[in-house]
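Everything on this sheet refers to the single structure shown next.
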Amino acid sequence: MQHENFQRAVLGWFDQYGRTHLPWQKERTPYRVWISEIMLQQTQVGTVIPYFERFLARFPDVESLAESSFDEVIALWAGLGYYARARNLHRAARIIVERHRGQLPTSLEELSALPGIGRSTAGAILSLGSGIRAPILDGNVKRVLCRHRGIEGWPGNPRILEKLWELSEALTPSIRVADYNQAMMDLGATVCTKRNPGCSTCPVGRDCEAFRSGRIDAIPATKPRRTLPVKRCFMLALTNGHGAFYLEKRQNVGVWGGLWSLPEFDCEEDVYAWCGKQHIDCSNLERLPQRRHTFSHYHLDFVPLVVRTGSDHCQIGEPSLGSWLIPNETIGLPAPILKLLTEIAD
DNA sequence: AATGCGGGGGG
DNA sequence: CCCCCAGCATT
């Protein structure tokens, strides 16, 4: 009964204030919901929208995605981050075509077995895409539930997490499950925000424990953080004077996996040695100011070293994982590298 | 259970 | 500068 009141309040709020015109809500299919959910992992709605539009224009269905090359997928993904998502998406598309006749599975077990789809994403695909009752637990839902029930402690704590899953499962209705799950995310994104939440307009603010006890700013607790380590390197920006740079394809694992980037070196001497080996004259080497790029787990401090060869056909010896390419948005460059090369080219 | 994985936006 | 955001895979 308590749960039904909660559901009724949330759904009533959704009817008036919920988001209903997001791109993946238009022509709602499991495929479109799937793509959007993967892109939305740890990524804000406003960032995702242009990527989603481009991606769907190129890959309107699972078959077109499965038939594509990974290079084309990663190029459309460049700038979104968490590139393993693109790899998993591509792998999953091929599995869906080969093992599921091109249809997304309709059970939590089968969905979760696909690369890149965990418990929450599987629940979202089922509920939003097919109206099947399944709970979700993303950052928004965690925040709403933690506050409403006055749950202290960091939501990433496995003990807390399990409690939240139980709660989400118990609260999820069997009718209007798509609207309900969407409403919970919208509520977290637009009312129950991290800072300055709009408790006065919240449909469940009257019986929110955090609001009642004045703990809104303290719940949910923040992740315990250590100071980020700093990694340093030199990046060689070798350019031929005609807008092209010598770029290397990175391995499909680790940071910037599968993207093109500049050759990296631990020290400047290694750069000279490398150039000497390739018979490249680096006497005009120009050292740009150090830049910092911050990942979620470390700072990368790198010094760009610019060498202009003035030669179109400078041969780079093996192992030849490199190519001379003109940097642009379509080839799959990390955002900070694209920014750097654009500045150098100017 | 802890760690790795990005980039954009806001304070 | 700091923090967070529609999480998942790997170890």
Side-chain angles (χ1 to χ4, degrees), chain A residues 19 22-25 32-52 74 77-89 91-92 111-125 127-129 135-144 154-162 164-165 168 178 181-190 192-197 217 220-229 231 250-259 261 292-300 329 332-339:
Chain A
R19 294 180 289 192
L22 297 170
W24 42 90
Q25 293 177 315
R32 290 168 63 89
V33 170
W34 171 43
I35 304 297
S36 71
E37 287 301 322
I38 300 299
M39 288 187 169
L40 286 161
Q41 288 169 5
Q42 301 295 98
T43 311
Q44 292 171 350
V45 169
T47 303
V48 163
I49 288 175
Y51 284 87
F52 179 83
I74 195 69
W77 204 274
L80 249 193
Y82 285 123
Y83 299 99
R85 294 185 296 177
R87 275 201 306 283
N88 289 332
L89 195 65
R91 285 173 52 206
L111 277 174
S112 302
L114 293 170
I117 300 181
R119 192 170 172 181
S120 189
T121 299
I125 294 171
S127 59
L128 304 182
I136 60 171
L137 191 62
D138 64 6
N140 288 314
V141 178
K142 285 176 188 169
R143 191 167 51 254
V144 172
W154 174 52
N157 178 313
R159 188 80 189 82
I160 308 283
L161 200 54
E162 192 42 45
L164 289 170
W165 269 114
S168 178
N181 279 348
Q182 185 65 50
M184 288 294 283
M185 292 190 283
D186 290 353
L187 197 54
T190 65
C192 193
T193 50
K194 181 70 185 165
R195 279 175 302 274
N196 305 321
D217 289 337
T222 57
K223 175 189 176 77
R225 266 177 221 295
R226 60 189 178 111
T227 58
L228 294 184
K231 297 188 183 185
R250 298 176 63 93
Q251 295 299 113
N252 271 342
V253 294
V255 168
W256 296 338
L259 295 180
S261 191
R292 166 167 289 192
H293 179 72
T294 301
F295 297 97
S296 46
H297 49 307
Y298 66 88
H299 299 291
L300 177 63
E329 293 76 9
L333 284 166
I337 303 302
L338 176 60
K339 183 168 182 290

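Lettering of chains follows the sequences in order, A, B, ..., and the numbering in each one begins at 1.
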Using a heavy-atom cut-off of under 4.0 Å over every strand shown, decide if [X] touches base, sugar-phosphate, or nothing.
X        : answer
A:Ser36  : nothing
A:Leu89  : nothing
A:Ala335 : sugar-phosphate
A:Arg87  : nothing
A:Arg292 : sugar-phosphate
A:Ile38  : nothing

Let's see if you can work this out: which of [options] has an atom nearest to the side-chain heavy atoms of [X]?
X        : options             : result
A:Tyr83  : C:dA9, B:dG7, C:dA6 : B:dG7
A:Trp256 : C:dA6, C:dC8, B:dG6 : B:dG6
A:Thr121 : C:dC2, C:dC5, C:dG7 : C:dG7
A:Asp186 : B:dC5, C:dA6, C:dG7 : C:dA6
A:Ser120 : B:dA1, C:dC8, B:dG9 : C:dC8

Could you give the distance separating B:dC5 and C:dA6 at their P atoms, to the nearest angstrom?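 23 Å, rounded to whole Å.
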
Rounded to whole angstrom, note down the P distance from B:dG9 over to C:dC8. 24 Å

Spacing of [X] atom [atom1] relative to [N] atom [atom2], expressed in whole Å:
X        : N     : atom1 : atom2 : answer
A:Lys339 : B:dG7 : NZ    : C1'   : 13 Å
A:Gln44  : B:dG9 : CD    : P     : 8 Å
A:Asp138 : C:dC8 : CG    : C1'   : 14 Å
A:Leu164 : C:dG7 : CG    : C1'   : 14 Å
A:Arg250 : B:dG4 : CZ    : P     : 16 Å

Take A:Arg91 and A:Arg85, find for each the nucleotide of DNA chain C with the closest heavy atom, and name the residue whose nucleotide sits nearer the 5' end.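 That would be A:Arg85.
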
Toward the 5' end of DNA chain C, which comes first, A:Ala122 or A:Lys194, by nearest nucleotide? A:Lys194

In terms of ring plane angle, is the pair A:Trp256 and A:His293 parallel, tilted or perpendicular, where the classes change at 30° and 60°?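 A:Trp256 vs A:His293 ring planes: tilted.
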
Before giving the answer on side chain to side chain donor-acceptor pair (under 3.5 Å), spell out for A:Arg143 and A:Asn140 the whole-Å C-alpha distance, their side-chain angles and the decisive distance to 0.1 Å. CA-CA 5 Å; A:Arg143 191 167 51 254; A:Asn140 288 314; 2.9 Å; yes

Closest contact, heavy atoms only, A:Arg250 versus A:Ser261: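 For A:Arg250 versus A:Ser261, the nearest heavy atoms are CD-CB, 3.8 Å.
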
Considering all heavy atoms, the nearest A:Ile38-A:Arg85 contact: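 So the minimum-distance heavy-atom pair works out to O-NH1, 3.0 Å.
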
Under 4.0 Å between a side-chain N or O of [X] and OP1 or OP2 of [N]?
X        : N     : result
A:His293 : B:dG7 : yes
A:Gln42  : C:dC5 : no
A:Tyr82  : C:dC5 : no
A:Trp77  : B:dG6 : no

Return yes if the base of B:dG7 and the side-chain atoms of A:Thr43 contain a donor-acceptor N/O pair under 3.5 Å, otherwise no.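 Flag unset: no donor-acceptor pair detected.
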
